Amino acid sequence: MRIATWNINSITARLPRLTQWLETAQPDVLCLQELKVSEEAFPGDELRALGYESVVNAGGRWNGAAVLSRVGVEDPATALPEAPGYEGVVEARAAGATCGGVRVWSVYVPNGREVGHPHYEYKLEWLAALRATAEKSAGGPQPFAILGDFNIAPADADVWDLAEFEGATHVTQREREALAALEGAGLKDIYPRPLKYDVPFTYWDYRQLCFPKNRGMRIDLVYGDEAFGAAVRDAYVDREARKGKGASDHAPVVVDLDV
DNA sequence: ATGACAGATCAAATCTGA
């Protein structure tokens, strides 16, 4: 089974790219983030024509997460249990489903904006809720994984230049402790292989030639439990999908499982 | 083998992203 995660930065603007990628990469399950679409405008028919059912948590202009599956959908979830809201609104940042016997969550972790900003505290609270879900579901016989845009670089090597991130979000100790908490719940970072260069970055800013210069970050992550990790045969970042005009600023992370 | 932000929004300037 092939499972992938991709921050698509608007499923509307990216639909031609998405359908093309589905046809070439042939994932069985795809976790999407940053749909930037309303529930009504989600292109469910187009995806169904390609054989994919969708579990959608759409929030309109911002956020949005979905799980696409061509191996069935059981126990769909369109909200993260106990997820905190921001300024009184519970945002569309998670979708879950059991697909072909594997339980997955697609998550779009809050950005945090700046250290000390209320959004930063919101990010940490949101990750605490994610940990609670992980604790309930990880460690069983059924493979379990959380895939998505975590907006955290797990290690210093996961950003192109640490000096550029001094005092910034995505690399702080508290954010990384939240990832460590997921590991405490029995999950492990499924580290993908890069198709080029040494570090498997998954995000490159649109500006300042970041992609050609490989000024990227590894922030799209796959956290799998023991059963999931044991089934992993291969994992890689498909940086080809970041190339050319009309690309998302994130590349898909692809995991092949022996299940 | 890659190119100087992009997307969504009551439509132009602003917000968000990281």
Side-chain angles (χ1 to χ4, degrees), chain A residues 5-18 24 32-43 58-66 85-89 91-93 107-124 126-127 148-176 178-179 194-221 237-253:
Chain A
T5 180
W6 193 9
N7 178 321
I8 197 147
N9 188 18
S10 172
I11 195 169
T12 308
R14 216 69 59 209
L15 190 57
R17 281 243 181 193
L18 173 61
T24 55
L32 292 172
Q33 303 88 36
E34 277 213 87
L35 301 175
K36 292 185 171 177
V37 76
S38 65
E39 202 89 42
E40 310 81 64
F42 183 86
R61 183 180 183 186
W62 303 115
N63 313 311
Y86 185 67
E87 293 180 339
V89 179
E91 300 173 316
R93 293 184 175 275
V107 300
Y108 180 45
V109 176
N111 171 294
R113 298 186 188 166
E114 293 169 26
V115 177
H117 192 284
H119 208 264
Y120 179 77
E121 298 301 326
Y122 166 55
K123 181 179 195 174
L124 296 170
W126 203 92
L127 287 160
D149 180 354
F150 281 73
N151 273 317
I152 303 171
D156 289 352
D158 293 317
V159 296
W160 64 276
D161 183 358
L162 195 58
E164 293 281 328
F165 291 87
E166 195 175 327
T169 58
H170 293 62
V171 297
T172 67
Q173 188 180 346
R174 292 178 69 196
E175 289 166 288
R176 287 175 174 170
L179 294 183
L195 295 186
K196 191 179 177 182
Y197 305 115
D198 297 328
V199 180
F201 293 147
T202 65
Y203 163 85
W204 302 260
D205 196 299
Y206 284 121
R207 291 166 289 190
Q208 298 173 308
L209 295 171
C210 281
F211 183 60
K213 292 176 178 173
N214 200 34
R215 295 180 174 178
M217 307 170 73
R218 186 173 78 94
I219 55 176
D220 298 271
L221 310 172
V237 178
D238 186 1
R239 71 187 301 283
E240 297 297 314
R242 178 63 179 78
K243 291 180 182 175
K245 208 174 174 61
S248 169
D249 42 3
H250 295 251
V253 180

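Protein chains get the first letters and strands the later ones, always in sequence-line order, with residue 1 at the start of each. Because the structure is predicted, anything quoted here is derived from the model rather than measured.
For A/Phe211, the ring-ring contact (aromatic ring centres under 6.0 Å, His included) partners at least two apart in sequence or on another chain are A/Trp204. With sequence neighbours excluded, the residues that form a side-chain contact (heavy atoms from CB on, under 4.5 Å) with A/Asn63 are A/Glu91, A/Arg93, A/Tyr108. For A/Pro43, the side-chain contact (heavy atoms from CB on, under 4.5 Å) criterion is met by A/Ile11, A/Leu15, A/Glu46, not counting sequence neighbours. For A/Asp161, the side-chain contact (heavy atoms from CB on, under 4.5 Å) test picks out A/Ala163, A/Glu164, with sequence neighbours left out. Remark: A/Tyr197 engages A/Asn214, A/Arg239 in a side-chain contact (heavy atoms from CB on, under 4.5 Å) (not counting sequence neighbours).
For A/Ser10 and B/dA6, the shortest distance from a side-chain N or O to OP1 or OP2 is not below 4.0 Å.
Residue A/Arg14 is in sugar-phosphate contact alone, with no base atom involved, counting any heavy-atom pair closer than 4.0 Å across all strands shown.
Separation of the P atoms belonging to B/dA1 and B/dC5 is 23 Å when rounded to the nearest angstrom. Atom C1' of B/dC10 sits at a distance of 16 Å from the matching atom of B/dC15, rounded to the whole Å. Using atom P as the reference point in both B/dA18 and B/dG7, the two lie 14 Å apart (nearest Å). Spacing between B/dT2 and B/dA6 at atom P, rounded to whole Å, works out to 16 Å.
A salt bridge does not link A/Glu34 with A/Arg14: every distance from a Lys NZ or Arg NE/NH1/NH2 to an Asp or Glu carboxylate oxygen is 4.0 Å or more.
Taking atom CD1 of residue A/Ile8 and atom C1' of nucleotide B/dG7, one finds them 13 Å apart after rounding to whole Å. Atom C1' of nucleotide B/dC5 and atom CG of A/Leu209 are separated by 11 Å, given to the nearest angstrom. A straight line from CH2 of A/Trp160 to P of B/dT2 spans 21 Å, rounded to a whole angstrom. To the nearest angstrom, C1' of B/dA1 lies 15 Å from CG of A/Leu195.
The closest donor-acceptor contact from the side chain of A/His119 to the backbone of A/Gly112 lies under 3.5 Å.
Both A/Phe211 and A/Thr12 sit near DNA chain B, but only A/Phe211 has its closest nucleotide nearer the 5' end.
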Reading 5' to 3' through nucleotides 10-18 of chain B, protein heavy-atom contacts under 4.0 Å coded B for base, S for sugar-phosphate only, - for none: ----BBBSB
